[in-house]
Amino acid sequence: MDTRFLGIAELSTTPSVAVVVDVMRAYTVAAWAFARGAEKIVLAGSPDEALALKGRHPDWVALKDGAPAPGFDAVNSPGLLRSRDLGGRTVVQKTTAGTVGALAVKDASLVLCAGFVVAEATARLLRERGGDDVTFVVTGEDGRADEDLACAQYIARRAAGEAADAEPYLRRAGASRAAAELAQGVRAGAHPDDVALCLELDRFSFALVATPEGSLMTLRPCTFT
């Protein structure tokens, strides 16, 4: 498998297959949303778009990075979301990096969104449907976020069929700038358990697949039988 690891700004062409990685916290949160019963997640390009979608669909749950804000129902925190009942609901998600990365590759033939919590399921889907050319989009810190790069490298090895030890990759993520900021309370809209939840390897057995639905980019879980 031919793999490359790029930041969002480095995407000069549309990849054939893209894996968009945001460990802390967009795609950990997305996985938890599905675990709490969400039907689908609509990835918004801006806060204004998220609020406009919420305005047209008052029953949807609008979620954003940072502190709570008027018009939004939740923040981008797995620790805060894990106790919420989202049964049958549509979630609108807008984050600083994760949703931006997915929208940047929306024309790829296959777009997966990932964190450690869905790593093995993502690798399995790549083995089954990914082909030989995969671009990992490292969303955090302009492509330099070590938690995202570590997760991407681990998934790439598992997708290639290697028996990779996850511990060194999880340690890198746990020592990352994002983990430190969350642990120290630098980032608003966080829960004390967020870092630990983001580092739960294979907590969920589904992959996250993003596909265009009309003018929207929609995320849904892909389970295996």
Side-chain angles (χ1 to χ4, degrees), residues 5-9 18-36 38 41 43-44 47 63-69 72 74-84 91 93-105 112-123 136-156 158 166-204 206-208 210 219:
F5 305 90
L6 301 176
I8 297 170
V19 181
V20 185
V21 183
D22 190 328
V23 173
M24 297 184 189
R25 295 165 283 173
Y27 296 127
T28 302
V29 167
W32 270 101
F34 289 124
R36 298 302 300 157
I41 297 174
L43 304 177
L63 179 156
K64 66 176 283 294
D65 265 343
F72 287 89
V75 294
N76 191 49
S77 162
L80 294 172
L81 197 71
R82 62 182 167 176
S83 60
R84 187 159 188 152
V91 174
Q93 186 179 31
K94 168 66 182 85
T95 71
T96 305
T99 58
V100 174
L103 292 170
V105 294
L112 306 181
C113 299
F116 281 110
V117 293
V118 293
E120 187 59 32
T122 305
F136 288 85
V137 182
V138 179
T139 61
E141 298 179 35
D142 296 323
R144 297 186 300 273
D146 203 35
E147 74 280 4
D148 294 339
L149 182 58
C151 183
Q153 290 169 340
Y154 174 72
I155 293 172
R158 292 296 300 130
E167 285 307 312
Y169 300 94
L170 292 168
R171 283 198 298 271
R172 283 171 54 193
S176 67
R177 174 182 172 183
E181 290 180 349
L182 287 170
Q184 295 164 9
V186 173
R187 298 191 181 190
H191 185 279
D193 293 341
D194 278 356
V195 173
L197 292 171
C198 290
L199 299 180
E200 284 191 319
L201 184 69
D202 302 331
R203 171 73 186 242
F204 306 111
F206 52 79
L208 303 173
L219 195 63

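What you see is a predicted model, and the numbers here were worked out from it, not measured in a lab.
A heavy-atom distance below 4.5 Å is found between the side chains of S77 and R25. Side-chain atoms of R187 and D194, non-hydrogen and from C-beta on, never get closer than 4.5 Å to each other. Here the side chains of R177 and D146 are not in contact, with every heavy-atom distance at 4.5 Å or above. The side-chain heavy atoms of C151 and F136, taken from C-beta on, include no pair separated by under 4.5 Å. Between V91 and F34, every side-chain heavy-atom pair lies at or beyond the 4.5 Å cut-off. Contact annotation: the side chain of L199 approaches that of M24 to within less than 4.5 Å [non-hydrogen atoms, C-beta and beyond].
A donor-acceptor distance shorter than 3.5 angstrom exists from the side chain of R82 to the backbone of G79, with no hydrogens or angles considered. At distances below 3.5 Å, at least one donor-acceptor pair connects side-chain atoms of R36 with backbone N or O atoms of R84.
When all heavy atoms of C113 and T122 are compared, the pair lying nearest together is O-OG1, 4.5 Å. Nearest heavy-atom pair, A74 versus L81, reported as atom, atom and distance to 0.1 Å: CB-CD1, 4.4 Å. Closest approach of P78 and L197 over heavy atoms only: C-CD1, 3.8 Å. When every heavy atom of V20 is checked against every heavy atom of Y27, the shortest pair comes out as O-CD1, 3.7 Å. Among all heavy-atom pairs drawn from N76 and Q93, the shortest one is OD1-NE2, 3.4 Å. Closest non-hydrogen pair, P47 versus F72, comes out as O-CZ, 3.9 Å.
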What pairs of donor and acceptor atoms, side-chain ones from residues 96-104 against any protein atom, are under 3.5 angstrom apart with sequence neighbours left out?
{"unit_1": "T96", "atom_1": "OG1", "unit_2": "D65", "atom_2": "OD2", "d": "2.8"}
{"unit_1": "T99", "atom_1": "OG1", "unit_2": "T95", "atom_2": "N", "d": "3.0"}
{"unit_1": "T99", "atom_1": "OG1", "unit_2": "T95", "atom_2": "O", "d": "3.1"}

Could you list the donor-acceptor pairs under 3.5 angstrom formed by side chains in residues 137-145, with sequence neighbours left out?
{"unit_1": "T139", "atom_1": "OG1", "unit_2": "V21", "atom_2": "O", "d": "2.8"}
{"unit_1": "T139", "atom_1": "OG1", "unit_2": "D148", "atom_2": "OD2", "d": "3.4"}

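Classification of the Y154-F116 ring pair by plane angle, with boundaries at 30° and 60°, yields tilted.
To the nearest 0.5 angstrom, I41 atom CD1 is 7.0 Å from L208 atom CG.
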Q. Taking it one step at a time, do R172 and Q153 satisfy side-chain contact (heavy atoms from CB on, under 4.5 Å)?
A. CA-CA 11 Å; R172 283 171 54 193; Q153 290 169 340; 2.7 Å; yes
